[in-house]
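Residue numbers start from 1 in every chain, and the chains themselves are labelled A, B, ... in the order their sequence lines are given, proteins ahead of strands.
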Number of protein chains: 2
Amino acid sequence: MSTDTEPGRPVTRIQREKHELILEAALDVFSRYGFRGSTIDQIAEAAGMSKPNLLYYFKSKEDIHAPILARILETWLEPLREMNADGDPLPEIQSYIRRKLEMSRDFPRESRLFANEMLRGAPGFHEVLNTELKELVDEKAAVIKGWMNQGKIARCDPYHLIFSIWATTQHYADFDIQVRAVLGKARGGEGRFEDAARFLDQLFLHGLKPKK
Amino acid sequence: MSTDTEPGRPVTRIQREKHELILEAALDVFSRYGFRGSTIDQIAEAAGMSKPNLLYYFKSKEDIHAPILARILETWLEPLREMNADGDPLPEIQSYIRRKLEMSRDFPRESRLFANEMLRGAPGFHEVLNTELKELVDEKAAVIKGWMNQGKIARCDPYHLIFSIWATTQHYADFDIQVRAVLGKARGGEGRFEDAARFLDQLFLHGLKPKK
DNA sequence: AATTTTTTTGACCGATTGGAAAAATTCTAG
DNA sequence: CTAGAATTTTTCCAATCGGTCAAAAAAATT
């Protein structure tokens, strides 16, 4: 006798597949139109099934959205967690930037979904920002401050440093259309991420002041 | 005999006022939920009037959205237009950054509405990006390149430099909730923009490499 | 093959959506 | 004050929204 008749968590092969299919389609839709701007019909069509069929696997729109968002939050913080206090400061920061940039390249929809949530005021995970995220950033800001005290990197506000890394890297996912439009066909190809990596290395290491 | 019975463009005092009132309310709503996620009812309520009354002034949702977006586009490009090829390179770039940062501080809703449009792929002003915006950026990138050739600023990709300025400054409007959450009550007050300005000056001038 | 379970479909529901139409009201100019 | 214009409200509509339900179809189990 099964105590769980709901297909809540994937059990059978087909359930696992459809769950993944739906989440994939939902990521596509949610990342473009945000939660309110997306419809279940849209997601169902993108997943190649009917709306009632989709609702057999996820019993509400929120139930589709929540797990996607939760997974993104974890993925998003991982690179920062990996920043090692015992490593060489400049290479640590550089590789953090590189990792974040790779995420914008490889998971642009995730980045846009996250941005969409921010734009509407992050309802529902306001708490996560104020606790989990803040604690992590506080910790890493302290690490960076330590590096500054050792004279390993220039003095600056570590919080705004982290913001600037987030901003510059996520820009290539969130404003992808603009970036590609401005770069044009010549420079707008896949090579743009390597160009961006090179530029960000220069910016964060040396800034714009010319070497004399 | 009036040839224009439609209150398309404001004519009377009351029309000018209501137009402005509606656009103001719509900016609030659109900037949070995007075009698709916003409803006319929401905007009407925010403007303190009934939906049919609002539709007397703007005959469709698109008709409210379009002028707002058009105005933002112009406002957004103005600071870049003001970057003067004959000025001192580093101060020119610094004041461009400062101006953009002030816009994030003073017009955060405009920034978020713009970001929302980008996220959904900028339908409707794709052309503007590929022509007007691209031309302006091309022009300014050439100016920056000239500065590099004169040895006035360090060599780097001028396009990605502009992107990084856009990204770092707009971040404070678009991700405002996250920024304030991470900074906490102590550092998250209005002073955060001055802190950001100081940090960005450091970053874009000198980067992170410590002075020896 | 028969039965049970899982998956899919179609028909439907009340609420909300963008918007139209017309009546009712308010304002304004003569 | 009154006629005409401008503004607002009331009522309404078809389409779409998120979601339910029962029946049909397909799989899995026996």
Report the residues that fulfil side-chain contact (heavy atoms from CB on, under 4.5 Å) with B:Pro108, sequence neighbours left out, ordered by chain and then residue number.
B:Arg112, B:Ala173
Check whether more than 12 heavy atoms from other residues, nucleotides or ligands sit under 6.0 Å from atom CZ of B:Phe107, and answer yes or no.
no
Quick one: which residue pairs count as a ring pair (Phe, Tyr, Trp, His ring centres under 6.0 Å) with a foot in residues 21-46 of chain A, not counting sequence neighbours?
A:Phe30-A:Phe35, A:Phe30-A:His65, A:Phe35-A:His65
Under 4.0 Å between a side-chain N/O of A:Ser50 and OP1 or OP2 of C:dT8, yes or no?
no
Write down the partner of C:dC12 under the Watson-Crick or G-U wobble criteria, each distance required to be under 3.5 Å.
D:dG19
Under 4.0 Å between a side-chain N/O of A:Asn53 and OP1 or OP2 of C:dT9, yes or no?
yes
Scoring nucleotides 16-25 of chain C by protein non-hydrogen atoms under 4.0 Å (B base, S sugar-phosphate only, - none) yields -SBBBB----
Starting from C1' on D:dG19, measure out to CE on A:Met49 and report it in whole angstrom.
17 Å
Between A:Tyr56 and C:dT8, is there a side-chain N or O to OP1/OP2 distance below 4.0 Å?
no
Using the test side chain to side chain donor-acceptor pair (under 3.5 Å), find all partners of A:Glu24 that sit at least two apart in sequence or belong to another chain.
A:Arg109
Calculate the interatomic distance between B:Arg16 atom CZ and D:dA6 atom C1'; express it in whole Å.
14 Å
Return the value, rounded to whole Å, for the distance between atom CD1 of A:Ile22 and atom P of C:dT7.
11 Å
Residue pairs fulfilling side-chain hydrogen bond (donor to acceptor under 3.5 Å, both in side chains) with at least one residue in residues 173-182 of chain A, sequence neighbours excluded:
A:Ser111-A:Asp174, A:Asp176-A:Arg180, A:Asp176-A:Arg192
Send over the distance from A:Glu45 CD to D:dT16 P, rounded to a whole Å.
12 Å
Length of the CZ-C1' vector between A:Phe58 and D:dG18, whole Å
16 Å
Phosphate OP1/OP2 of D:dA6 contacted by B:Gln15 side-chain N/O (<4.0 Å):
no
Can you name the residues that form a side chain to side chain donor-acceptor pair (under 3.5 Å) with A:Glu82, not counting sequence neighbours?
A:Arg99
